[in-house]
Q: 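The following block contains the structure, expressed as structure tokens.
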Amino acid sequence: MCLVLDKLEPQKSIDTELICFSIKSIVSMGHYKMGIFVQKYGGSSLATPELIKAVAQRIVERKRRGDKLVIVVSAMGDTTDELISLAQRITSNPPKRELDMLLTVGERISASLLSMAINSLGEEAISFTGSQTGIITDERHTEARILEVRPERVKEELARGKIVIVAGFQGVSTEREITTLGRGGSDTTAVALALALGTKDCEIYTDVDGVFTADPRIVPEAHKLDEILYEEMLELSSMGAGVLHPRSVEMAAKNDIVLHVCSSFNQKKGTIVKRGTVEKPVLRGITFDKQIAMLALKDVPRSPESLSQIVTQMAEEGIHVKLFCHGAAREETVDLIFIVEETDFEGALKILRKASRNLGAKRLLTGMDVGSVSIVGLGIGRDTEILAKMFKILAGLRLHIQAVSTSESKITCVIKKKAVEEAVRTLHREFGL
Ligand code: ADP
Ligand code: ASP
Ligand code: MG
């Protein structure tokens, strides 16, 4: 699977005095020196007024140690889900522009409340929306990409000694419309700001102690990793590990920003996500995704253009093909298998119905009752012993593997949805993670 890296480049307009160090960026502004840190707090860390006050306390203590802080926040608890279901109660197909107007409210609430909490503890804070922060995106409502960050106002307020609170997950498009960055997108806001402000690190505070070998809510014996490489983290999050937004990892990798994933509830050392190499392939973690759908065109007459036509149409409709597999290849026909997000199923079905007729495929099969399990580790996609072991473990659970996809750093098997969690626990145990 290829990585589509964000086109975001380091800001050319940043002060020339801005010098980056590995842990701390010391910025010379006026006559004094200070370190800028970007921190992000997730929704469960801000779910109640009490939790917001506790986060404010942590931030104030850090500020009093002399750090300049930019804090990115997510919406409180399940606010985003609640806003989506509110929209669904009005219409089953809300216009994406209006959905963005609605969803950005969640992060505005937590940003303003956190700012109030900090001010009441005696430190000055100011909250900004994505647009006030200067986060410029493309026009793809609900899945916008950051094109540029113009953090002038952020820098001005930092220079005044204020703590800047930024509503995550949102920006303003080149057409001056309010946009959102996709579910979990506040992580990406934080990394984009770290990049724009010239810091080489970004701190992500969440409701677990770091990145684990598997989702600790599904695999109780999963353990926290001290470090993980960008490539591995990207595969984990792209294939379902919600702990980091995949695009935040892409952007961090492309720009060498070290991510520190830690708990917002304690002071334990978290996980560092960074560049590196391994001597031999090592299995790092296991993840799963139950929100996918499979569509298969069977017996498609071979033609060099068929696949590119379909993939182009999917891209034009904003449908992200999570996995693509070439099924059984016969002399004259092939099977084409697409795995998409559940929410893209109807759109993908429309395209494949048309393609099926145009290309003369024998059948179009679809399945919503599927999920994926992925094992991740740099180099494991080339290791046939690991591949064989994964197949053996799944066979031991009497599971039919409906599709397989490998890359340099991952092996993914599509199986029936109901078996996914047991498969994850068994793989975790049998691989000795
Ligand atoms: P936040 O609100 O802080 O952004 P998220 O819910 O987006 O938090 O992400 C944290 C959640 O990610 C955890 O509660 C955990 O259930 C889930 N998760 C999935 N895979 C992993 C993993 N490998 N390591 C840690 N957490 C994981
Ligand atoms: N509040 C948004 C969501 O729930 C963004 C985020 O949490 O990062 O997806
Ligand atoms: Mg998140």
Side-chain angles (χ1 to χ4, degrees), residues 39-47 51 55 71-85 99-100 102-111 130 142-144 166-171 179-192 202-228 232-249 259 261-265 268 270-271 273 283-291 343 373-377 410 420-421 424-425 427-428 433:
Q39 302 187 331
K40 178 254 168 178
Y41 290 89
S44 36
S45 310
L46 301 164
L51 285 170
V55 166
I71 311 292
V72 176
V73 292
S74 294
M76 293 170 73
D78 296 328
T79 303
T80 309
D81 290 330
E82 285 159 13
L83 291 171
I84 292 172
S85 50
L99 206 50
D100 276 352
L102 179 71
L103 297 191
T104 47
V105 170
E107 272 69 14
R108 279 178 79 150
I109 294 173
S110 43
T142 73
E143 276 296 336
V166 172
F169 168 62
Q170 56 185 275
T179 51
T180 60
L181 309 178
R183 296 304 306 269
S186 302
D187 300 328
T188 302
T189 307
V191 176
C202 181
E203 302 169 20
I204 307 283
Y205 292 94
T206 183
D207 59 356
V208 283
D209 288 352
V211 178
F212 283 63
T213 46
D215 187 342
R217 294 181 206 288
I218 303 298
V219 183
E221 56 280 12
H223 61 90
K224 196 210 75 191
L225 297 161
D226 289 339
E227 289 185 359
I228 184 166
E232 297 169 331
M233 191 64 236
L234 188 52
E235 294 289 18
L236 276 181
S237 35
S238 304
M239 296 316 297
V243 62
L244 283 175
H245 192 228
R247 294 224 309 278
S248 71
V249 186
L259 301 177
V261 183
C262 311
S263 167
S264 61
F265 303 124
K268 287 187 199 162
T271 303
V273 187
L283 190 58
R284 195 76 67 176
I286 300 182
T287 191
F288 66 94
D289 194 347
K290 294 203 291 182
Q291 257 101 49
T343 46
V373 282
S374 303
I375 60 172
V376 171
K410 75 149 199 316
V420 162
E421 288 175 18
V424 172
R425 280 189 284 269
L427 286 163
H428 196 273
L433 274 173

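Order of listing sets the numbers, starting from 1, for every ligand and every atom in it.
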Q: For ligand 1, find each of its N or O atoms that sits under 3.5 Å from a protein N or O atom, and tabulate the pairs with distances to one decimal place.
A:
{"from": "ligand 1", "atom 1": "2 (O)", "to": "G43", "atom 2": "N", "distance (Å)": "3.0"}
{"from": "ligand 1", "atom 1": "3 (O)", "to": "T206", "atom 2": "OG1", "distance (Å)": "2.7"}
{"from": "ligand 1", "atom 1": "4 (O)", "to": "K40", "atom 2": "NZ", "distance (Å)": "2.9"}
{"from": "ligand 1", "atom 1": "7 (O)", "to": "G242", "atom 2": "O", "distance (Å)": "3.4"}
{"from": "ligand 1", "atom 1": "8 (O)", "to": "T206", "atom 2": "OG1", "distance (Å)": "3.2"}
{"from": "ligand 1", "atom 1": "14 (O)", "to": "D207", "atom 2": "OD1", "distance (Å)": "2.9"}
{"from": "ligand 1", "atom 1": "14 (O)", "to": "D207", "atom 2": "OD2", "distance (Å)": "3.3"}
{"from": "ligand 1", "atom 1": "14 (O)", "to": "R217", "atom 2": "NE", "distance (Å)": "2.9"}
{"from": "ligand 1", "atom 1": "14 (O)", "to": "R217", "atom 2": "NH2", "distance (Å)": "2.6"}
{"from": "ligand 1", "atom 1": "16 (O)", "to": "D215", "atom 2": "OD1", "distance (Å)": "2.8"}
{"from": "ligand 1", "atom 1": "16 (O)", "to": "D215", "atom 2": "OD2", "distance (Å)": "3.4"}
{"from": "ligand 1", "atom 1": "16 (O)", "to": "R217", "atom 2": "NE", "distance (Å)": "2.8"}
{"from": "ligand 1", "atom 1": "23 (N)", "to": "F212", "atom 2": "O", "distance (Å)": "3.0"}
{"from": "ligand 1", "atom 1": "24 (N)", "to": "F212", "atom 2": "N", "distance (Å)": "2.9"}

Q: Working to the nearest 0.5 angstrom, can you tell me the gap between H245 NE2 and R183 CZ?
A: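 Taking NE2 in H245 and CZ in R183, the distance rounds to 10.0 Å.
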Q: Can you tell me how far apart CZ (F169) and CG (D187) are? Round to the nearest 0.5 Å.
A: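 The CG atom of D187 is 11.5 Å from CZ of F169, to the nearest 0.5 Å.
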Q: Under a strict 4.0 Å criterion on non-hydrogen atoms, which protein residues are in contact with ligand 2?
A: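 Lining ligand 2: S74, A75, T80, E107, F169, R183, G184, G185, S186.
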Q: When rounded to the nearest 0.5 angstrom, what distance separates CD1 in I228 from CE in M233?
A: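 Answer rounded to 0.5 Å: 5.5 Å.
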Q: Minimum heavy-atom separation for L433 and L283, please, with both atom names.
A: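 Looks like CD2-O, 3.5 Å.
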Q: Please report, to 0.1 Å, the donor-acceptor pairs under 3.5 Å made by any side chain of residues 72-79, with sequence neighbours excluded.
A:
{"from": "S74", "atom 1": "OG", "to": "S186", "atom 2": "OG", "distance (Å)": "3.2"}
{"from": "T79", "atom 1": "OG1", "to": "M76", "atom 2": "O", "distance (Å)": "2.4"}

Q: Crowded around R108 CZ? As in, over 12 foreign heavy atoms under 6.0 Å?
A: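 No, not enclosed.
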Q: Under 4.5 Å between any side-chain heavy atoms of V55 and Q39, yes or no?
A: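 With C-beta onward as the side chain, the pair stays apart.
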Q: Indicate yes or no: does K224 engage D209 in a salt bridge with an N to O separation below 4.0 Å.
A: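 Judged by the 4.0 Å cut-off on N to carboxylate O distance, K224 and D209 do not form a salt bridge.
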Q: Could you work out, with ring pair (Phe, Tyr, Trp, His ring centres under 6.0 Å) as the rule, every residue matching Y205, not counting sequence neighbours?
A: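 Partners of Y205 under the ring pair (Phe, Tyr, Trp, His ring centres under 6.0 Å) test: Y41.
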